Amino acid sequence: MSRYKASGIFQFSAGFLTLLLGVFLILFPSEKYSTNISIMTLTMIVIGFLYIMAFVANKKWHFRPGWTLSQGFYLIVIGILCLYTYNDELSDSVNLLFAMWALSTACNQLAASVKIRSLEYKKWWRILIFGLVNIIAFVYFIIDPFSSFISLYISFGAYFILSGLICILEQFNYKTTID
C-alpha cells in the first residue's frame, strides 16, 4: 500500500469517526452529562491520533496542509483536558473550547489555502471556504445565539458532522494533485 493510500485511509477514518460522533450526539445523547463528555472526549483523542497518522503517512506533504497535524494535537489536548476535568461547571467552558478549536482550524486552513495557492494549485479556494466556514463556527460558539432553543449536544454534534465532512472532502481535493 502506498503511503498516500495509507494517509487517505487515516484521514477518511478520522472524518467518518467524526461524522459518527456528531450523529451520536444529536440522535442518541445519554441522560448523564458525564457519559456524553466521556464518549466525546475519548473519541476526540482517537480522532486526533488518526489526524496525526494521516499527516505522517503522506509522503507528498507539501500538498497536504499542516492543519491535519495541528488538528490532531489540538483534539488530543482538548480530549485529555475534558476527560480529566469534566463536571457540571465545565459545560460553561466547553463552548469556549469548541470556539478555540474552530478558530485554530480556520487559521490553519486559511494559511494552507494561501500556501497551496502559491504552489499554483487550482483548487486552493476550497480550503479557503473550509476555513471561512470554521470562522462562522467560531463566531457561533462564542455568541451561542440558540442556546435556549437547542441543546449543547446538538451544537456539538452539528460541528462534528461539519468537521467530518470537511475532513472527508479535503481528501478528494488533493487526490487529483497527488496521484
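Quantities reported herein were computed from a predicted structural model and do not represent experimental measurements. Residues take their numbers from the sequence shown, with the count starting at 1.
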Quiz prompt | Test log, rule side chain to side chain contact (heavy atoms under 4.5 Å, CB included), inputs I76 and I52 | solution = CA-CA 10 Å; I76 291 171; I52 292 170; 3.7 Å; yes
Quiz prompt | Trace of the side chain to side chain contact (heavy atoms under 4.5 Å, CB included) decision for I45 with L75 | solution = CA-CA 6 Å; I45 291 170; L75 283 173; over 6 Å; no
Practice problem: Test L128 against V114 for side chain to side chain contact (heavy atoms under 4.5 Å, CB included), laying out the working first. | Solution: CA-CA 8 Å; L128 179 74; V114 170; 6.0 Å; no
Exercise. Could you walk me through whether N95 and I142 pass side chain to side chain contact (heavy atoms under 4.5 Å, CB included), step by step?
Key: CA-CA 7 Å; N95 260 7; I142 289 292; over 6 Å; no
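Here the straight-line distance linking atom CG of L19 with atom SG of C167 works out to 9.0 Å at 0.5 Å rounding. Atom CD1 of I9 sits about 11.5 Å away from atom CE of M53, to the nearest 0.5 Å. The structure places CD1 of I78 at 11.0 Å from CD1 of I80, a figure rounded to the nearest 0.5 Å. Taking CD1 of I47 as the start and OH of Y51 as the end, the distance is 7.0 Å to the nearest 0.5 Å. Atom OG1 of residue T41 and atom CG of residue L21 lie 9.5 Å apart, to the nearest 0.5 angstrom. The line from OG of S104 to CZ of F73 is 12.5 Å long, rounded to the nearest 0.5 Å.
Inter-residue side-chain proximity for Y74 and M100 is flagged as met; some heavy-atom pair is nearer than 4.5 Å. Side-chain contact check for M40 versus F160: some heavy-atom pair is nearer than 4.5 Å.
Under the 3.5 Å distance criterion, with hydrogens and angles disregarded, a donor-acceptor pair is assigned to the side chains of S155 and Y140. Side-chain contact, Q109 with N134: a donor N or O sits under 3.5 Å from an acceptor N or O.
Follow the hydrophobic side-chain contacts under 4.5 Å out from I26 and you reach L165 in the same cluster. In the hydrophobic cluster analysis, where Ile, Leu, Val, Met, Phe, Trp and Tyr join through side-chain heavy atoms closer than 4.5 angstrom, I168 is grouped together with L17. Tracing side-chain contacts under 4.5 Å through hydrophobic residues (I, L, V, M, F, W, Y), one reaches V46 starting from F156; they form part of the same cluster. Both L110 and I129 belong to a common hydrophobic cluster when Ile, Leu, Val, Met, Phe, Trp and Tyr are linked at side-chain heavy-atom distances under 4.5 angstrom. Under the 4.5 Å side-chain heavy-atom criterion for Ile, Leu, Val, Met, Phe, Trp and Tyr, F130 and I136 are members of distinct hydrophobic clusters.
Ring centers of Y153 and F28: at least 6.0 Å apart, outside the cut-off.
More than 12 non-hydrogen atoms from other residues, nucleotides or ligands lie less than 6.0 angstrom from CZ of F24.
Residues forming a ring pair (Phe, Tyr, Trp, His ring centres under 6.0 Å) with Y159 (at least two apart in sequence, or on another chain): W101, F141. Contacts of L42 classified as side-chain contact (heavy atoms from CB on, under 4.5 Å), with partners at least two apart in sequence or in another chain: L83.
Across all non-hydrogen atoms, the minimal contact from Q11 to A54 is N-CB, 3.8 Å.
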